[in-house]
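Notes follow once the structure below has been shown.
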2 protein chains.
Amino acid sequence: MNSVFKALSDPTRRKVLVLLRERPMTAGELSEQFPVSRPTMSAHFNVLKEADLIDAERRGTTVTYRLKLTVLEDALLGFAQVFGFKPPSSKEDEK
Amino acid sequence: MNSVFKALSDPTRRKVLVLLRERPMTAGELSEQFPVSRPTMSAHFNVLKEADLIDAERRGTTVTYRLKLTVLEDALLGFAQVFGFKPPSSKEDEK
DNA sequence: CTTTTATTTCGATATTTAGCTAAATACAAA
DNA sequence: TTTGTATTTAGCTAAATATCGAAATAAAAG
């Protein structure tokens, strides 16, 4: 859980997670969204992998990253629960 | 919000927040709970103050720190909501 | 006014982190 | 098998962070 919070402490990495929320994306696609070099992005992907927040699958020359939602959810909600936070009710819930 | 996640990235600081969840505590009381020096703890308190997660009140020679729950809640649940996490239903909720 | 107690600031050091460029690797295609 | 494309690794620097002991500050007590 420490590694998860460490991973979340960088805004670039948080944004990567948000992007992956929609669909898996390749290292290249992700890198395009940020004003930093590809090696730097690769290092960020590694931190996220170490924290088990994403996983990687190689297909030919490309590597596709996928969000591991449950790990993120457990860390975030687990910590939130310690403080007794209730989530805001969304429109979705009310349907 | 970046400063909040930065603040949460250190286990000592997360534990300080957990301790303050029960009641406000002085710098000294908090420091006793950790195997680091008082100056180091003071630096951690500063990071938490910068992130607006705690506030300080001086009474005589002691300084009492208090958790600012709403700031923590907004950051945590705000981020969780981006991912559509629903919090686990607690026994409390069901009462 | 001097001493004691609680806490913070200062100054130094060690470690970690984010970033870069250049080089290496892994495949696919020609 | 050479070339091209995608990505990672290596090696580096600069900046940020965590830590310490010693000194400074703030307030109360004697």
Side-chain angles (χ1 to χ4, degrees), chain A residues 1-20 22-68 72 75 79, chain B residues 1-20 22-68 72 75 79:
Chain A
M1 184 178 124
N2 193 30
S3 63
V4 171
F5 278 102
K6 273 278 165 55
L8 293 179
S9 72
D10 183 276
T12 295
R13 289 191 293 262
R14 286 198 303 276
K15 192 171 164 194
V16 167
L17 296 179
V18 170
L19 289 171
L20 291 180
E22 284 307 331
R23 61 181 175 85
M25 292 175 81
T26 67
E29 284 180 301
L30 287 167
S31 294
E32 281 171 14
Q33 312 292 317
F34 299 87
V36 300
S37 72
R38 270 138 207 269
T40 295
M41 289 304 296
S42 189
H44 284 308
F45 300 150
N46 259 313
V47 173
L48 292 169
K49 253 190 296 186
E50 291 292 318
D52 204 29
L53 288 169
I54 62 177
D55 57 17
E57 190 186 357
R58 177 144 223 146
R59 298 266 294 180
T61 69
T62 70
V63 173
T64 297
Y65 286 105
R66 177 185 312 273
L67 179 60
K68 295 180 77 169
L72 181 60
F79 188 68
Chain B
M1 183 178 123
N2 193 32
S3 63
V4 171
F5 278 101
K6 274 277 166 56
L8 294 178
S9 71
D10 183 277
T12 295
R13 289 192 292 261
R14 286 198 303 277
K15 192 171 164 194
V16 167
L17 296 179
V18 170
L19 289 171
L20 291 180
E22 284 306 331
R23 61 183 175 83
M25 293 175 79
T26 67
E29 284 180 303
L30 287 166
S31 293
E32 281 170 15
Q33 312 292 317
F34 299 88
V36 301
S37 72
R38 273 141 205 267
T40 295
M41 289 304 296
S42 189
H44 284 308
F45 300 150
N46 260 313
V47 173
L48 291 168
K49 253 189 296 185
E50 292 293 318
D52 203 29
L53 288 169
I54 62 177
D55 57 18
E57 189 185 359
R58 179 144 223 147
R59 297 266 294 181
T61 71
T62 71
V63 173
T64 298
Y65 286 104
R66 176 185 312 272
L67 180 60
K68 295 179 77 170
L72 181 59
F79 189 68

Select from Val47(A) and Arg58(A) the residue whose nearest nucleotide in DNA chain C is closer to the 5' end of that strand.
-> Val47(A)
Start at the 5' end of DNA chain C and walk down; is the nucleotide closest to His44(A) or to Asn46(B) reached first?
->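 Final value for this comparison: Asn46(B).
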Would you classify [X] as touching base, sugar-phosphate or nothing, given that sugar-phosphate means primed atoms plus P, OP1 and OP2, and contacts are heavy atoms under 4.0 Å?
X: Thr26(B); value: sugar-phosphate
X: Thr62(A); value: sugar-phosphate
X: Arg13(B); value: sugar-phosphate

Grab the two heavy atoms, one from Leu48(B) and one from Ala7(B), that are nearest each other, plus how far apart they are.
->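 Nearest heavy atoms, Leu48(B) then Ala7(B): CD2-CB, 4.1 Å.
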Over all heavy atoms of both residues, which pair between Tyr65(B) and Leu20(B) is shortest? Give the atoms and the distance, please.
-> O-CD2, 3.5 Å
Nearest 0.5 Å, please: how far is [atom2] in [Y] from [atom1] in [X]?
X: His44(A); Y: Asp10(A); atom1: NE2; atom2: CG; value: 4.5 Å
X: Asp55(B); Y: Thr64(B); atom1: CG; atom2: OG1; value: 10.5 Å
X: Glu22(B); Y: Leu67(B); atom1: CD; atom2: CG; value: 10.5 Å

Just the rounded figure in Å: distance from [atom2] of [N] to [atom1] of [X].
X: Leu30(B); N: dA6(C); atom1: CG; atom2: P; result: 14 Å
X: Tyr65(B); N: dA6(C); atom1: OH; atom2: P; result: 15 Å
X: Phe34(B); N: dT7(C); atom1: CZ; atom2: P; result: 14 Å
X: Arg59(B); N: dT7(C); atom1: CZ; atom2: P; result: 14 Å

Would you say Ser9(B)'s side chain and Lys6(B)'s backbone share a donor-acceptor pair under 3.5 angstrom?
-> yes
Does anyone know the first and last nucleotide of DNA chain D in reach of chain A, 5' to 3', at under 4.0 angstrom to a heavy atom?
-> dA6(D) to dT9(D)
Verify the contact: side-chain N or O of Thr61(B) to OP1 or OP2 of dT5(C), cut-off strictly under 4.0 Å; return yes or no.
-> no
